[in-house]
Protein chains: 2
Amino acid sequence: MMRKKASRGGRKAKAGPAINGAVEFGRLSRWVGFNLRLAQEATFQAFSRLSREIGEHPGRFATLTLIAENPGISQTTLSNASGRDKSSMTPVLEDLVRRGLVQRKKTDKDRRAYRLSLTPAGQRTLAKLTACAQLHEDNLDRIIGRDRVRFIRVLKRISGA
Amino acid sequence: MMRKKASRGGRKAKAGPAINGAVEFGRLSRWVGFNLRLAQEATFQAFSRLSREIGEHPGRFATLTLIAENPGISQTTLSNASGRDKSSMTPVLEDLVRRGLVQRKKTDKDRRAYRLSLTPAGQRTLAKLTACAQLHEDNLDRIIGRDRVRFIRVLKRISGA
DNA sequence: TATTGTTATACTCTATAACTATA
DNA sequence: TATAGTTATAGAGTATAACAATA
């Protein structure tokens, strides 16, 4: 949303034609939900660009990290942790396995489930994506400044509510 | 992402099996980008629920508000303000016009462009959606508390960067 | 009966490119 | 040539329901 950076101030602009001038965002610009969405879109796009530079989908980052942090995790647990249905995970993991980044092993203990882990190639790809994320985070730090800790705390309160 | 609210603290959990226990989010939980995404998903879902209760798509709110604040706006200007391609706007406006919420007028000045405005029904729908947004915002206020002003300021810095 | 993962299917949102009608 | 809006089409990303294998 809003790449154009038109008038965001909310100064009642007399509701003009807005054919080519500044667009009036009105109350929109004072709502938390709306600003959250704009900020998220901006950061996601920035991270997407960095990811695509190394030939990866931005969405793979969370998946690979969760597998790396929880080796042996099942697909169902992984999809729950990601807040997605297990069926949405199937094509993602299919892609990661096909490209040799993730390994699936059947266990004797429960022969229905897979145990997921990263291959060495998967670890290298995750390392590259992590470098992107760190670069991205450095950029954000420069923008956020000393408000960082409090900012994250508020974000966690919102997502945990 | 993450409805389950597993261990978010980042305490190195020895990388256990995570088959049915807590999932380790690792560094993920300390990154601004990731927390921004979780928070945005949570608020969007909450607002979606409120919108659907009155039979509206959550995405229509921003569109209707922008038209209300900028009567006579063209589709191209509207799509730019929304950060979307004009072709993405066509089916949205088609729906709003079909339902009698938005009016399109051709002008003599430029017979290629439409001038968009809300009908009385559109204004009523917007009023209902605005009430949802206000309710949602009240909930967020309760969560965010006195950090609100600073929080929005940081969000605006991020989306404006 | 319940659960793991897959399949079939569909929906939403988005974009690109080519088109038309104007300008 | 350039712009406003539409169309055709495609690609992510997601979900639901039904299914086979296993528990």
Side-chain angles (χ1 to χ4, degrees), chain A residues 1-3 17-20 37 40-42 44-45 47-49 51-52 55-63 67 72-98 102-116, chain B residues 1-3 17-20 37 40-42 44-45 47-49 51-52 56-63 67 70 72-98 102-116:
Chain A
M1 250 281 185
M2 187 163 63
R3 293 284 85 78
I19 288 295
N20 44 24
R37 174 170 149 199
Q40 205 275 328
E41 282 185 4
F44 185 74
Q45 188 173 307
F47 181 61
S48 293
R49 194 171 43 72
S51 306
R52 268 184 273 109
E56 274 299 330
H57 301 231
R60 300 293 184 263
F61 178 52
T63 303
I67 296 173
I73 193 171
S74 73
Q75 291 189 192
T76 299
T77 305
L78 177 61
S79 56
N80 285 340
S82 306
R84 304 276 128 84
D85 189 86
K86 57 190 160 58
S87 70
S88 304
M89 227 39 157
T90 299
V92 172
L93 289 167
E94 194 172 44
D95 170 68
L96 292 172
V97 169
R98 185 183 55 75
V102 166
Q103 199 176 26
R104 279 197 272 215
K105 276 198 204 132
K106 289 280 190 187
T107 68
D108 278 347
K109 217 183 146 221
D110 184 340
R111 304 227 314 290
R112 294 170 302 182
Y114 284 122
R115 310 190 87 232
L116 305 170
Chain B
M1 254 277 186
M2 187 163 62
R3 293 282 88 78
I19 287 294
N20 45 24
R37 176 171 147 197
Q40 205 274 326
E41 282 185 5
F44 185 74
Q45 189 174 305
F47 180 61
S48 293
R49 192 170 44 71
S51 307
R52 266 182 276 109
E56 273 299 328
H57 302 232
R60 300 294 184 261
F61 178 53
T63 302
I67 295 173
N70 304 275
I73 193 171
S74 72
Q75 293 189 193
T76 299
T77 304
L78 177 61
S79 56
N80 285 339
S82 306
R84 305 276 128 84
D85 189 85
K86 57 190 161 60
S87 70
S88 305
M89 228 39 158
T90 299
V92 172
L93 289 167
E94 195 171 43
D95 170 67
L96 292 172
V97 168
R98 183 183 55 74
V102 166
Q103 196 177 27
R104 281 197 273 218
K105 278 199 203 130
K106 289 281 192 187
T107 67
D108 278 346
K109 216 183 148 221
D110 184 341
R111 303 228 315 289
R112 294 171 303 183
Y114 284 121
R115 310 191 86 230
L116 304 171

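A note on names: the letters A, B, ... follow the listed sequences, proteins ahead of strands, and every chain is numbered from 1. Computed from a predicted model, the values in this text were never measured in an experiment.
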Let's test your reading of the model: under 3.5 Å, does the base of C:dT3 pair with the side chain of A:Arg112 as donor and acceptor? yes
In terms of side-chain heavy atoms of A:Ser88, which of C:dT4, D:dA15, C:dT14 is nearest? D:dA15
Looking at C:dT14, does its base get a donor-acceptor pair with the side chain of B:Ser87 below 3.5 Å? no
Taking atom P of C:dT3 as reference, at what distance in whole Å does atom OH of A:Tyr114 sit? 20 Å
Per side-chain hydrogen bond (donor to acceptor under 3.5 Å, both in side chains), A:Asp85 is matched among A:Ser87, A:Ser82, A:Ser88 by A:Ser87
Rounded to whole Å, please give me the gap between CE in A:Met89 and P in D:dT16. 15 Å
Does the side chain of A:Gln103 come under 3.5 Å of the side chain of A:Arg115 through a donor N or O and an acceptor N or O? no
Measure the distance from CD on A:Gln75 to P on D:dA21 and round it to the nearest whole Å. 17 Å
Between B:Ser74 and D:dA4, does any side-chain N or O lie under 4.0 Å from OP1 or OP2? no
Atom CG of A:Asp110 to atom P of D:dA20: distance rounded to whole Å? 19 Å
Between atom CD in A:Glu94 and atom P in C:dT6, what is the gap in whole Å? 8 Å
Would you mind telling me which of D:dT6, D:dG13, D:dA15 lies closest to the side-chain atoms of A:Asp85? D:dA15
More 5' along DNA chain D: B:Thr76 or A:Gly59, using each one's nearest nucleotide? B:Thr76
Counting the atoms with a prime plus P, OP1 and OP2 as sugar-phosphate, which does A:Thr90 contact under 4.0 Å by heavy atoms, base, sugar-phosphate, or nothing? base
Is there a side-chain polar atom (N or O) of A:Arg111 under 4.0 Å from OP1 or OP2 of D:dA21? no
Length of the line joining B:Leu96:CG and D:dG5:P, which is rounded to integer Å: 15 Å
Rounding to an integer number of Å, can you tell me how far A:His57 NE2 sits from D:dT14 P? 13 Å
Quick one: OH on A:Tyr114 to NZ on A:Lys105, what's the gap to the nearest 0.5 Å? 13.5 Å
For D:dT6 and B:Arg104 - does any side-chain N or O of the residue sit under 4.0 Å from the phosphate oxygens OP1/OP2? yes
Measuring from atom CD1 of A:Ile67 to atom CG of A:Leu96, what distance do you get when rounded to the nearest 0.5 angstrom? 6.5 Å
Can you check side-chain contact (heavy atoms from CB on, under 4.5 Å) on B:Arg84 and B:Val92, steps first, answer last? CA-CA 12 Å; B:Arg84 305 276 128 84; B:Val92 172; over 6 Å; no
